[in-house]
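Per chain, numbering begins at 1; letters A, B, ... match sequence-line order.
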Amino acid sequence: MPADSKPKPKTPGRFQQALLKWFDQHGRHDLPWQQDINPYRVWVSEIMLQQTQVAAVIPYYQRFMESFPTVEALASASQDQVLAHWSGLGYYARARNLHKCAQTVVNEHNGEFPRSVDALTELPGIGRSTAGAIASISMDLRAAILDGNVKRVLARIHAVDGWPGQTAVANTLWEIAEKYTPAKRTGDYTQAMMDLGATLCTRAKPACERCPFEQHCIARAQGNPTDYPGKKPKKEKPERQTTLLLIEHDGELYLEQRPASGIWGGLWSPPQLEGDDGGEASAQEWLAAKDPDASEIQALPPMRHTFSHFHLDIHPVWIRLPNKPGQVAEAASGWYKLRQLDRPRSGQDLGLPAPIAKLVKQLTAMRAPLLAPC
DNA sequence: GACTCGTGGAG
DNA sequence: TCTCCAAGAGT
């Protein structure tokens with residue numbers, strides 16, 4: 001059934017008033033990015049919050065703002081520094097785009113974020129919804145958003161069928177979102193919709209009895225709010241294997257920087273042998289070609305890791321080079337040498353992927369006596 | 001439109 | 001242990 005033929009909820013004016021009243025009483029007003037609001041702070045928060053829950057973002061946001069309090073500070077930082085602050089948060093293209101965007105704002109916009117949705121969308125990492133959030137929350141412009149919370153709330157109120165990943169469904173939701181977005185208190189309205197979705201109109205157990213729209217929600221009337229929005233079609237996750245070479249020499253672990261794009265782009269990791277069947281045999285082969293004199297090699301327990309679109313079995317191999325590191329050390333001349341194995345996520349100016357950080361921590365625990373901090 | 005891109009919490 | 005998916009955007 002097309003959304004247009006369905007009964008419509010209350011008029012926009014009533015809708016917004018009810019929502020804002022609820023927001024004033026029950027909304028969240030103490031989040032870090034709701035203090036000292038300006039375009040820079042809101043922008044950083046919105047990027048961090050993409051596909052990431054509030055609780056996970058808060059400590060990252062605070063550390064980030066402490067190190068990069070202004071767009072100028074961020075623009076003049078190195079990419080390694082930025083990625084180090086993002087380490088463990090995931091979706092690292094966000095950090096690379098964030099850095100690039102800061103430099104664009106400083107160099108081409110006089111250090112000021114452009115004051116329109118269209119101009120904001122031109123910037124790297126800022127799409128339609130994030131632009132709407134920045135414009136409405138930090139600039140008090142009338143601009144709509146359509147994040148996961150708003151999609152869920154609107155899909156339920158209007159009983160919009162289908163998965164929002166489909167363009168037609170998304171277009172329908174955008175239309176509704178634009179229609180409801182008020183010209184006054186737009187920032188509060190935006191926050192209110194997200195708060196409603198995050199705290200009350202939740203995915204699994206919506207608290208309809210506390211919702212300001214209870215009497216006007218079609219999905220509630222139908223008795224099946226959790227059927228909205230429609231689910232994403234399932235897909236099989238392919239299996240991948242990798243051998244991770246934990247090469248240690250003279251109390252240091254060798255790390256190489258990953259390619260700028262792709263998974264963990266720009267982050268640092270022990271060298272990987274990708275696409276093989278994994279394990280000690282392939283590591284032996286690799287090592288033999290590089291350094292016949294290598295002393296000790298030991299396979300560690302494999303780690304299974306699930307990404308959003310594939311499974312990865314990591315086969316770590318621990319290689320301890322003799323005092324004369326030979327050709328491996330030569331090959332590794334451009335590599336980073338990690339000394340503070342016990343603190344892979346602090347006091348460093350480069351980023352490590354979360355599973356790698358964990359592994360390094362484990363490795364340290366195994367051989368702590370030999371690798372005391374210098 | 002279909003893929004790619006992380007991580008941790010919830011169930 | 002496994003699936004699902006959260007304040008999406010880029011290719």
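At distances below 3.5 Å, at least one donor-acceptor pair connects side-chain atoms of Arg96(A) with backbone N or O atoms of Gly265(A). Side-chain N or O atoms of Arg185(A) include none that pairs as donor or acceptor with a backbone N or O of Leu20(A) at under 3.5 Å. Between the Thr52(A) side chain and the Gln50(A) main chain, a donor and an acceptor come within less than 3.5 Å of each other.
Across all strands, Val54(A) comes closer than 4.0 Å to base atoms (heavy-atom distances). Heavy atoms of Trp33(A) sit under 4.0 angstrom from at least one base atom.
Between the C1' atom of dA9(C) and the CG atom of Leu123(A) lies a distance of 13 Å, rounded to the nearest Å. Ile58(A) places its CD1 atom 19 Å from the P atom of dA6(C), with the value rounded to the nearest Å. For the pair Lys234(A) NZ and dA2(B) C1', the interatomic distance rounds to 20 Å; values are reported in whole Å. For the pair Lys205(A) NZ and dG9(B) C1', the computed distance is 14 Å after rounding to whole Å. When rounded to the nearest whole Å, the span between NZ of Lys231(A) and P of dG11(B) equals 14 Å. The CH2-C1' distance, from Trp163(A) to dC5(C), rounds to 12 Å in whole Å. Here the P atom of nucleotide dG8(B) and the CE atom of Met48(A) are 15 Å apart, to the nearest Å. The CZ atom of Arg152(A) sits 10 Å away from the P atom of dG8(C) (whole-angstrom rounding).
Rounding to the nearest 0.5 Å places OG1 of Thr104(A) at 10.0 Å from CZ of Phe113(A).
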Give me the distances for all protein-to-nucleotides 5-7 of chain B N/O pairs that come in under 3.5 Å?
from   : atom 1 : to        : atom 2 : distance (Å)
dC5(B) : OP1    : Ile263(A) : N      : 3.4
dC5(B) : OP2    : His309(A) : NE2    : 2.9
dG6(B) : OP1    : Tyr91(A)  : N      : 3.2
dG6(B) : OP1    : Tyr92(A)  : N      : 2.6
dG6(B) : OP2    : Trp264(A) : N      : 2.5
dG6(B) : O4'    : Tyr91(A)  : N      : 3.0
dG6(B) : N7     : Tyr91(A)  : OH     : 3.3
dG6(B) : N7     : Ser308(A) : OG     : 3.3
dG6(B) : O6     : Tyr91(A)  : OH     : 2.9
dG6(B) : N1     : Gln51(A)  : O      : 3.1
dG6(B) : N2     : Gln51(A)  : O      : 3.1
dG6(B) : N2     : Thr52(A)  : OG1    : 3.0
dT7(B) : OP1    : Tyr92(A)  : OH     : 3.0
dT7(B) : OP1    : Ala354(A) : N      : 2.7
dT7(B) : OP2    : Trp264(A) : NE1    : 3.3
dT7(B) : O3'    : Gly88(A)  : O      : 3.4

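Side-chain N/O atoms of Arg128(A) and base N/O atoms of dA7(C) include no donor-acceptor pair closer than 3.5 Å.
Among the nucleotides dA7(C), dG8(C), dC4(C), the one closest to any side-chain atom of Arg203(A) is dC4(C).
The gap from the P atom of dA7(C) to that of dC3(B) amounts to 24 Å, rounded to the nearest Å. Taking the P atoms as reference points, dG8(B) lies 23 Å from dA9(C), given to the whole Å.
Counting heavy-atom neighbours within 6.0 Å of Glu209(A) CD, excluding the residue itself, gives a total above 12.
Proximity of Ser45(A) to the phosphate of dA7(C): no side-chain N or O atom is located under 4.0 Å from OP1 or OP2. Dashed line: the shortest gap from a side-chain N or O of Lys237(A) to OP1 or OP2 of dT3(C) is not under 4.0 Å.
Counting only heavy atoms from C-beta outward, the side chains of Gln34(A) and Ile137(A) never approach each other to under 4.5 Å.
Residues Ile126(A) and Glu46(A) each lie close to DNA chain C; by heavy-atom proximity, the contact nearer the 5' end of the strand is made by Glu46(A).
The closest side-chain donor-acceptor pair between Arg220(A) and Gln215(A), if any, does not fall under 3.5 angstrom.
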